[in-house]
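Within every chain, numbering begins at 1; the chains are lettered A, B, ... in the order of the sequence lines, protein sequences first and strands thereafter.
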2 protein chains.
Amino acid sequence: MSKYGLIRDVAMQLRLLQQSFDAFDEAAAARLGLNRTDLRALDLVLANDGPFSAGELTRALKISPAATTTVIDRLERAGLVTRTRDAENRRRVLVTATDTAREVERDIYLPVGEAGARALRGYSGEQLTTILDFLQTARHVQETQTARLSENPAPPPGR
Amino acid sequence: MSKYGLIRDVAMQLRLLQQSFDAFDEAAAARLGLNRTDLRALDLVLANDGPFSAGELTRALKISPAATTTVIDRLERAGLVTRTRDAENRRRVLVTATDTAREVERDIYLPVGEAGARALRGYSGEQLTTILDFLQTARHVQETQTARLSENPAPPPGR
DNA sequence: GCAGAAGGTTTCGAATGTCGAAATATGGCC
DNA sequence: GGCCATATTTCGACATTCGAAACCTTCTGC
């Protein structure tokens with residue numbers, strides 16, 4: 001296949017991959033009866049070792065402090081996290097994953113990591129290096145374009 | 001670097017790439033004053049050549065028919081799409097991108113594609129083949145895992 | 001041809017998630 | 001000790017989504 005064709009295919013597969021990530025998140029949320037924001041919050045709390053403060057969640061999720069409170073409320077009600085005041089700074093609230101959340105992690109997230117690692121073992125070290133480079137390049141492109149959108153003032157629509 | 005380390009890095013970069021896609025969508029939505037659902041709908045209408053029917057949008061976006069109606073309402077009010085009855089089947093409503101929407105496409109989406117293609121030109125045909133294979137494999141893993149989540153009944157939480 | 005079923009979209013009311021602003025509580029500073 | 005900054009929560013308002021019912025249009029069987 002021509003290089004031009006390959007490039008087009010890569011772009012298309014990247015798009016499809018994006019969609020498959022999206023579908024996975026959706027399925028995970030449905031399985032837990034959570035919305036996407038709650039799931040992202042749970043994911044953050046699980047991934048981080050050591051608890052997350054409410055404010056950190058607010059920043060990581062890019063939602064308002066008010067919304068964060070209700071996210072934590074819902075996760076707490078679902079038995080997935082606990083709320084404790086930080087002993088060192090009693091203004092802060094620490095969010096900690098419960099054992100139930102760890103079971104969820106084992107059920108949902110660990111298998112993905114394992115399956116992914118298994119699939120990657122089929123590539124040579126050189127190929128993995130190429131893949132890694134590609135992923136970094138793709139991210140760089142996205143970030144540059146995101147910055148372009150954010151920084152430039154929007155052109156007057158309908159100009 | 002060890003192969004094991006490379007595999008870990010690939011997993012991490014994949015996660016970061018996902019986040020950068022997300023950030024791009026968010027910036028694009030903010031630039032247009034649309035929510036994410038509306039943006040996805042616009043993207044679909046732009047990507048498809050030939051108009052999208054309301055029902056197709058409902059299925060593609062995985063939202064209710066009622067929600068689709070309001071999505072089209074908002075896009076129409078923003079001057080980005082037009083609603084027309086399908087002449088061949090007057091029950092259906094066809095959604096067509098306007099010229100304004102095409103300007104948006106040129107402003108937002110085309111530059112990403114161009115920057116991406118430019119970046120990919122730096123890879124050899126062999127490398128691109130590896131990348132393409134990797135993307136397909138990654139998608140397959142995600143889809144398999146999504147199916148696992150969807151099909152298996154959820155294990156009783158807090159067992 | 002026409003009655004009734006099926007298809008496609010919209011309207012309506014209710015539920016949910018998000019926000020900004022104000023309130024509350026704690027910590028740091030002269 | 002009073003005052004400003006930090007961290008979270010409460011409150012009321014707004015936007016988005018849904019399910020159910022309503023409304024046309026098309027198809028089917030007779």
- Mind checking side chain to side chain donor-acceptor pair (under 3.5 Å) for Gln145(B) and listing every partner two or more places apart, or none if nothing turns up? Arg148(B)
- Charged N to carboxylate O under 4.0 angstrom, Arg106(A) versus Glu103(A)? no
- Please list, chain by chain and in numerical order, all residues satisfying salt bridge (Lys or Arg N to Asp or Glu O under 4.0 Å) with Arg139(A), sequence neighbours excluded. Glu143(A)
- Message: Quick check for you: name the first and last nucleotides of DNA chain C, 5' to 3', having an atom under 4.0 Å from a heavy atom of chain A.
- Response: dG17(C) to dG27(C)
- Query: Between atom CD in Glu56(A) and atom C1' in dT6(D), what is the gap in whole Å?
  - Reply: 14 Å
- Note on the structure: Across all chains, not counting sequence neighbours, the side chain to side chain donor-acceptor pair (under 3.5 Å) partners of Glu76(B) are Arg83(B)
- salt bridge (Lys or Arg N to Asp or Glu O under 4.0 Å) against Asp43(B), all qualifying residues, sequence neighbours excluded: Arg15(A)
- Does any pair with a residue in residues 57-66 of chain B pass side chain to side chain donor-acceptor pair (under 3.5 Å), and if so which ones, sequence neighbours excluded? Thr58(B)-Thr68(B)
- Message: In this structure, how many angstroms lie between the C1' atom of dT8(D) and the CZ atom of Arg83(A), rounded?
- Response: 9 Å
- Note on the structure: Taken in chain and number order and not counting sequence neighbours, the residues that satisfy side-chain contact (heavy atoms from CB on, under 4.5 Å) with Arg91(B) are Asn89(B)
- May I ask you to list the residues of residues 87-95 of chain B, by number, that have any heavy atom positioned under 4.0 Å from an atom of DNA chain D? Asn89(B), Arg90(B), Arg91(B)
- Query: What pairs with Arg121(B) under salt bridge (Lys or Arg N to Asp or Glu O under 4.0 Å), at least two apart in sequence or on another chain?
  - Reply: none
- Query: Which nucleotides of nucleotides 15-21 of chain D have their base under 4.0 Å from a protein heavy atom (B), which only their sugar-phosphate (S), and which neither (-), written as one string 5' to 3'?
  - Reply: -SSBB--
- Sorted by chain and residue number, the side chain to side chain donor-acceptor pair (under 3.5 Å) partners of Asp133(A) (sequence neighbours excluded) come out as Tyr123(B)
- Query: Can you list the residues that meet the side chain to side chain donor-acceptor pair (under 3.5 Å) rule with Asp22(A), with sequence neighbours excluded?
  - Reply: Arg36(A)
